[in-house]
Amino acid sequence: MLSAAGTTTRESSIAVPSSIAVPFTRLDFSDPALLEELLGAVRDIAQRGAFTLGEPVEAFEQEFAAYCETDFAIGVSSGTEALVLALRALEIGPGDEVIVPTNSFIATAEAVSAVGATPRLVDVDPDSHLITAEIVAANLTPNVRCVIPVHLFGATVDLDPILALTHEAGVHVIEDACQAHGARYRGRRTGSLGVIGCFSFYPTKNLGAWGDGGAVTTNVPELAERIQLLRAHGERPRYQHRIVGTTARLDALQAAVLRGKLARLDSWNEARRRLGSELRERLSATPSGASGGRAIEVTGLPFAEADHVYHLFVVRTEERDALREHLSQRGVASAIHYPEPIHLTEAYAHLGLGPGSLPVSERLARQICSLPLFPSMTDTESEHVAAAVLAFTEDDLTSSR
Ligand SMILES: Cc1ncc(COP(=O)(O)O)c(C=O)c1O
């Protein structure tokens, strides 16, 4: 995680206070009341010695299912395990292909590889950076048994057209909602749209644990039962092993932390939505003369009524590395999500998809920059980020005169 450092060193017509440092994100220790509450919940678990499954996990599962508006939620050890168990529950394995956007965190593809299936890596829309029904349709080979749309950055994929065409083809949809807890697609929560939804509670996520954690959501009782068995050695009751499973439980300590934070998730997401649309608005003031290299484009919304819970606020520019250097000098942290599309990683070289094969994602990987955005961000911090970005485009105008 990048932290903010440095102060303003460059002149610009936009006044930027030199003393502000804006971190990329801010974790729970910055909220003393929340910290105390969560420490109390952790102490309670430790004093009871009830670390594995049991009441805290079951209570969280019920609350998270209610929140996602699904019949079941199963707490698991990470978002990656959530995807693996979802694929295993659907009996996807060797010989099967699973459509995965190459513009995602590598875990989406790794889960497919982990069950012995083959990720069919596909390109994304150049504006929203998300998979679309057209892209899915163009890649529905006879071996494809599943599609994993990723609600990347917190923006909802336009799922209805994908659900319609996969339903027709008898193909499953597993939502990767690891970056989009609480977002609503046409009124429905992410995680309730595909046959299974998968969530990560990695600490920096919109709903983050104090370590690793994840959840699987579904409305299908048989799948819920199978995932419950798979995450704990196929065991029910104790020492009766019905199927070959694994150790992939959500820790009770993490469940206790997550319960405290789930109660705040909607208000945090609301803050993210507000900050995201304000930042969009401020950056729309990018001088129209800024062109070519230093022009800044904000990631587009995937469709008119799309929801966006701004797990990440992503912009594009030809001169991404110069932008990041410029921001760093002004105390603004930044990051890249992700510097390499999955098909160009060393790990997936064996798929034989070389440079130029999925060109949109390859171009995006060179241009994208994630700006700070987190619920406790102050207006001053948000204005500072916008001013620093705008100053970058202004420098372009100045230097090209
Ligand atoms: C889109 C996406 N999918 C899957 C994962 C995997 O989650 P975890 O890190 O909890 O295994 C992540 C988390 O970083 C993610 O962002």
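Counting begins at 1 with the first residue of the sequence. First listed ligand is number 1; within each ligand, the first listed atom is number 1.
- Protein heavy atom at the shortest distance from atom 4 (C) of ligand 1 is C178 SG, 3.5 Å.
- Of all atoms in ligand 1, numbered sequentially from 1 with element shown, those under 4.0 Å from a heavy atom of A107 are 4 (C), 5 (C), 6 (C).
- Among protein heavy atoms, atom 3 (N) of ligand 1 sits closest to D176 OD2, 2.8 Å.
- Atoms of ligand 1 found under 4.0 Å from any heavy atom of K205, numbered from 1 in the order shown, are 12 (C), 13 (C), 14 (O), 15 (C), 16 (O).
- The contact set between ligand 1 and T108, taken as ligand atoms under 4.0 Å from a residue heavy atom, comprises 3 (N).
- Against a heavy-atom cut-off of under 4.0 Å, V150 is close to the following atoms of ligand 1: 1 (C).
- Taking every heavy atom of T80 and a limit of under 4.0 angstrom, the matching atoms of ligand 1 come to 6 (C), 7 (O), 8 (P), 11 (O).
- A perpendicular orientation is assigned to the rings of F201 and F60, their planes being inclined by more than 60° (bins at 30° and 60°).
- Listed by first and then second residue, the side-chain hydrogen bond (donor to acceptor under 3.5 Å, both in side chains) pairs that reach into residues 340-361 are T102-H343, S113-Y348, D123-S361, H343-E362, sequence neighbours excluded.
- Side chains of H308 and T156: no donor on one and acceptor on the other come within 3.5 Å.
- Proximity of a side-chain donor or acceptor of N139 to a complementary backbone N or O of V136 within less than 3.5 Å is not detected.
- Defined by atom type and a distance below 3.5 Å, a donor-acceptor pair is missing between the side-chain atoms of D125 and T132.
- Remark: among candidates G213, S200, A82, the nearest residue to atom 7 (O) of ligand 1 is S200, based on non-hydrogen atoms.
- When the options T166, V98, V144, I92 are evaluated for a side-chain contact (heavy atoms from CB on, under 4.5 Å) with H172, the one that passes is I92.
- Not close to ligand 1: D212, with no non-hydrogen atom less than 4.0 angstrom away.
- For a threshold of 3.5 Å applied to N or O pairs, the pair formed by F201 and ligand 1 contains no separation below that value.
- Side-chain contact check for T141 versus R120: some heavy-atom pair is nearer than 4.5 Å.
- Closest to atom 12 (C) of ligand 1 among all protein heavy atoms lies F105 CD2, 3.7 Å.
- Contact detail for C369 and R320: the closest heavy-atom pair is CB-CG, 4.0 Å.
- Close contacts of ligand 1 with S78, meaning ligand atoms under 4.0 Å from a residue heavy atom, involve 10 (O), 11 (O).
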